[in-house]
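Reminder, nothing fancy here: chain letters follow the sequence lines and each chain counts from 1.
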Number of protein chains: 2
Amino acid sequence: MPEHRFESRNSDKTYIRILDAAARLYREKGYTAVSMRTIAKAAHIKAGSIYYHFESKDDIVSIILNLGIKVVHDEVNQIVTNLPDDATASEIVRAGIRGHLHALLEYRNYTSANVRIYGQVPAAIQKSNLLARRKYEKFWDNLLSDLQESGELRAQIDIASFRLLLIGALNATLEWFDQEKGDCSVLADNYADLLLNGILTDQEAGT
Amino acid sequence: MPEHRFESRNSDKTYIRILDAAARLYREKGYTAVSMRTIAKAAHIKAGSIYYHFESKDDIVSIILNLGIKVVHDEVNQIVTNLPDDATASEIVRAGIRGHLHALLEYRNYTSANVRIYGQVPAAIQKSNLLARRKYEKFWDNLLSDLQESGELRAQIDIASFRLLLIGALNATLEWFDQEKGDCSVLADNYADLLLNGILTDQEAGT
DNA sequence: GTCTATATGGGGATAGAC
DNA sequence: GTCTATCCCCATATAGAC
């Protein structure tokens, strides 16, 4: 799926084909349920041949998990960085939510594989994904802290708590959102409105 | 874990021991990774003996998935129903969030097993869990619709969208919240404040 | 109720031909 | 680069002793 990284390199098309097939299968079936034989069949290759491209099953999983974070981080970073200097807090947060949801659903096999199987892979593999996760969390924390210091976000909210709530809610859309039936930017604006303004009518707010 | 359902029945202690062990393992390792041998060892019994208590591996999984929804639904229902008649929207939503989070973390092995492996079990097992899921979703939708009709929640919010955001965010806490280090009612109040009032300062709200 | 033993099939990974 | 063949281990489920 992440074609941009390998575009024209000679016969690494096979490398990508294996990775794409594996990501989709991991998302659908879970970590242990997917065998090298299963991946091989989906990638139109024989099981033994996979070991020419990858060191082991865990090597494949580790690469998939890291791409699952990277594609989202890259897209959110690019969208937010390209906003005009006078963008409001609403616009910035909204853009971040749009970017996160768009990448999440665009690279669904990788992102969903990450969300679903991270908690179930061996500890060593989890560890290989931790740095990418921490960096993305830090990105949001910095973004939100800046907006809070400038007075656009309420002073009393805890940034880490909101970031956990936000990313938790966004990632959960992977479990139900159907790209065929809806536009994810509509969903993004919907979620952004709820999170920015809350659900109470004005006379009830603050209670 | 759900002792209340079987309290004193003779030697169904073994039944519960097997179920508890299986739920914990499914949460930690995923559906396919957990073998009958693994469950047997954790429940201090031999693999063949499990078939006296359960029909199959899928029978066990199906029961665990259904309990994972039921324990949360029951607790939220009880807490919200017992609120005084003059409770405000804030108090009702806050109580629902508290109940959901408390049950979620109290019966963590069952609830987390549900969240993590639902998407990875065979379709027939998913189907056996759908009714319980739909009932719990309906419970929240009815609750929120009533509050919207009484004017306490903003008229323009879409109830189903908010319910998806809410339950998605709450369930995601299973992946990071450490019960040893924090009180889940503090977390609940924190999340409730964010969701009820939003994150913008008052002069920015509505934009 | 719980045990041991076993039938049958699939798992990750490697060797060596082409 | 991809193939076939193989090593060795583990899976679910059942049969029948105790």
*Counting heavy atoms not belonging to A:Lys57, are there more than 12 under 6.0 Å from its NZ?*
yes

*Report the residues that fulfil side chain to side chain donor-acceptor pair (under 3.5 Å) with B:Arg163, sequence neighbours left out, ordered by chain and then residue number.*
B:Asp141

*Mind checking side chain to side chain donor-acceptor pair (under 3.5 Å) for A:Ser185 and listing every partner two or more places apart, or none if nothing turns up?*
A:Asp183

*Measure from the side-chain N and O atoms of A:Gln148 to the backbone N and O of A:Arg154, and report whether any donor-acceptor pair falls under 3.5 Å.*
yes

Measure [atom1]/[X] against [atom2]/[N] and give the value in whole Å, please.
X: B:Tyr52; N: D:dA15; atom1: OH; atom2: P; answer: 17 Å
X: A:Ile50; N: D:dT4; atom1: CD1; atom2: P; answer: 13 Å
X: B:Arg17; N: C:dG1; atom1: CZ; atom2: P; answer: 13 Å

*Heavy-atom protein contacts under 4.0 Å, nucleotides 3-18 of chain C, coded B base, S sugar-phosphate only, - none*: BB------BBBB----

_Is the ring pair B:Tyr136/B:Phe139 parallel, tilted or perpendicular, if the boundaries are 30 and 60 degrees?_
parallel

